[in-house]
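Chain identifiers are assigned alphabetically (A, B, ...) following the order of the sequence lines, protein sequences preceding nucleic acid strands; residue numbering begins at 1 within each chain.
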Protein chains: 2
Amino acid sequence: MLSTAVFDVIRERILNGELLPGQKLKISQLAETHKVSLNVVREALNRLTGEQLVDLAPQQGFTVRALSEDDLIDLFAQRIIFEGIALRQSIINGDLEWQSRVLAAHHRLSRTPAVDPENPDRLNPEWLSRHEEFNVVMMACCGSPRLIQMVRQLAEAAALYQRALLPTSADRAERNSEHDDLLEAILEGEADKAVVILTRHLEQTRDVMLPVLRQGGGVPQANKRAAVQLVGK
Amino acid sequence: MLSTAVFDVIRERILNGELLPGQKLKISQLAETHKVSLNVVREALNRLTGEQLVDLAPQQGFTVRALSEDDLIDLFAQRIIFEGIALRQSIINGDLEWQSRVLAAHHRLSRTPAVDPENPDRLNPEWLSRHEEFNVVMMACCGSPRLIQMVRQLAEAAALYQRALLPTSADRAERNSEHDDLLEAILEGEADKAVVILTRHLEQTRDVMLPVLRQGGGVPQANKRAAVQLVGK
DNA sequence: ATAACTCATAAAATCCATTTTTTATGAGAT
DNA sequence: ATCTCATAAAAAATGGATTTTATGAGTTAT
């Protein structure tokens, strides 16, 4: 199915930061670059609105979902709640097989440099992927397909902020040690401890990004457009 | 925007039980009944997949999301967690204006007969609407747009089950008194108590539906189709 | 001179009619 | 009963028509 392929590619381009938050997604242009007809693009974009990655305003087309301070705060408040619940449940349910997968994901993450070797002022996209994978695997055993889906959606939204706002300078060593602590708590089955560490980790991630968003200098984000009525709001 | 209108109508028809869980949604047929072209319907259905009300399987088209025992249990487990959180926060944040709106919604609900006067063996659709409205208003002051959105989506999924499975006989009087207790706790600002009542209410709702789903006799639901690979799973 | 308004033009979004592919169906043969 | 294959039905994709919005030059008013 063509629209599924286009859906995946555009989704990837948004998460990669190739298509910036707030940016307009011109259908004809996307159709041309992906060598498909207009409706295929339209279909893909409609599905992306469901994933909360794209906004649709009638007669004004599609845009990449924009960043905002309020949303950043709300987003991380919900991540703390949802991921906390999912992680606790995962630790309770998880077996040896699951622990091993977490260990493996952590290893892959810890051995990937956080800063792009070729582009020292930006985070390494590969590291971001492994970070997200670590996150997904941690939650995988929570036992609830719906919870997993919601956590995945929140993490995806957060990825937009992280790719745009996370500075490379922010105490990498200290932050990586949080992953180590998290792993340790998981392997020892200490749910409470793990949730506390995760919460602190998320809070710190948010607090690093907030001032960057506030000053906004040099943040890769398309110019804000005038507020328009979005569908379904 | 035509597709938005069609989106709304189809959504309504699904929530009304006019289009049954598991039922195939033939694009050409929908296009004809709504006097629009195929692509418009397709666009609406794609957006409905984002709302988790419709499933899409490549080359097999769209179906109304089917009911299942596992999903029912999962769904209510998540409702208990997240509606609990949203309600508690709403009570903490809510001002007099909000309390008044809850009171009004409760009044509308309590004065609407739960059983359809013309169709005594089915629940009154108007009552179901007011019940959902009561629910939405209760959560409205939780302060988190994202939490509201997720709670709304969970409640919408639950509506499918309730319209299909909730018997008319299930101790209406007792269940309505739970709404009264809930209102009382909210107006007194007793968050803990309100959450306990809500939790019990949701558990009972689930437990009433489970056996009906298990035996499955006479449940309005389209015949199950062979399992197919769905997109995005 | 600047600001506000009109209106023609271009660009983009939305929708439709049609073609191409894929899947489902059922008669006839093995 | 199972398999093959022709046919019909439906999904998916295309190309293009229609409608709406954005843009900017020209005009008028302050």
Side-chain angles (χ1 to χ4, degrees), chain A residues 1-11 13-14 19-20 22-50 53-66 222-233, chain B residues 1-11 13-14 19-20 22-50 53-66 222-233:
Chain A
M1 202 142 114
L2 261 185
S3 59
T4 302
V6 174
F7 171 92
D8 288 336
V9 174
I10 296 179
R11 178 174 166 281
R13 291 179 67 191
I14 291 174
L19 299 168
L20 299 177
Q23 181 176 343
K24 191 152 200 314
L25 295 167
K26 297 187 186 175
I27 297 179
S28 53
Q29 181 188 310
L30 288 169
E32 193 176 353
T33 52
H34 295 96
K35 320 272 191 213
V36 294
S37 71
L38 300 177
N39 292 93
V40 172
V41 174
R42 179 165 267 281
E43 197 159 329
L45 291 177
N46 268 306
R47 255 184 266 168
L48 283 166
T49 61
L53 286 177
V54 165
D55 280 337
L56 167 61
Q59 305 300 344
Q60 314 218 348
F62 299 87
T63 53
V64 180
R65 195 183 161 110
N223 290 331
K224 294 265 171 63
R225 301 188 311 149
V228 288
Q229 180 64 41
L230 301 177
V231 265
K233 303 261 161 164
Chain B
M1 201 141 114
L2 262 184
S3 58
T4 303
V6 174
F7 171 92
D8 288 335
V9 174
I10 296 180
R11 178 175 166 283
R13 292 179 65 191
I14 291 174
L19 300 168
L20 299 176
Q23 182 177 342
K24 191 152 200 309
L25 296 168
K26 296 188 187 176
I27 297 179
S28 52
Q29 180 187 311
L30 289 169
E32 193 176 355
T33 52
H34 295 95
K35 319 275 189 209
V36 293
S37 73
L38 301 177
N39 293 87
V40 173
V41 173
R42 180 165 267 279
E43 197 160 327
L45 292 177
N46 268 305
R47 256 184 265 168
L48 283 166
T49 59
L53 285 177
V54 166
D55 280 338
L56 166 61
Q59 307 300 343
Q60 314 219 346
F62 299 87
T63 52
V64 181
R65 196 184 158 107
N223 290 330
K224 294 267 172 62
R225 300 191 310 150
V228 288
Q229 179 65 40
L230 300 176
V231 265
K233 303 261 160 164

Rounded to the nearest Å, what distance is computed from the CZ atom of residue B:F62 to the C1' atom of nucleotide D:dA11? 9 Å
Counting C-beta onward and ignoring hydrogens, is there a side-chain heavy-atom pair between B:L30 and B:R13 closer than 4.5 Å? yes
For A:L56, check side-chain contact (heavy atoms from CB on, under 4.5 Å) against everything at least two apart and list the hits. A:N46, A:T49, A:F62, A:V231, B:M1, B:R47
For A:L38, enumerate each residue passing the side-chain contact (heavy atoms from CB on, under 4.5 Å) test, keeping only those at least two apart in sequence or located in another chain. A:I27, A:S28, A:A31
Beyond-backbone contact of A:T63 with A:Q23, side-chain heavy atoms, under 4.5 angstrom: no
Respond yes when some side-chain nitrogen or oxygen of A:Q60 is under 4.0 Å from OP1 or OP2 of D:dA22, and no when none is. yes
I need the CG-P distance between A:L2 and C:dT19, as an integer number of Å. 20 Å
A:S3 side chain N/O closer than 4.0 Å to the phosphate oxygens (OP1, OP2) of D:dA13? yes
Here the distance between atom C1' of C:dA12 and atom CD1 of A:I27, to the nearest Å, is 8 Å
Output the residues of residues 28-45 of chain B in contact with DNA chain D, where contact means a heavy atom of the residue under 4.0 Å from an atom of the strand; sort by number or write none. B:N39, B:R42
A:K24 side chain vs A:V64 backbone, donor-acceptor pair below 3.5 Å: no
Let me know the distance between CG of A:L56 and C1' of C:dA13, rounded to the nearest Å. 10 Å
So the side chain to side chain donor-acceptor pair (under 3.5 Å) pairs with at least one residue in residues 30-42 of chain A (sequence neighbours excluded) are A:R42-B:E43
C:dA13 OP1/OP2 closer than 4.0 Å to side-chain N/O of A:K24: yes
B:K26 NZ to D:dA10 P, in whole Å, measures 5 Å
Can you work out whether A:Q59 or A:T4 has the more 5'-proximal nearest nucleotide on DNA chain D? A:T4
Between D:dA11 atom P and B:D55 atom CG, what is the distance in whole Å? 15 Å
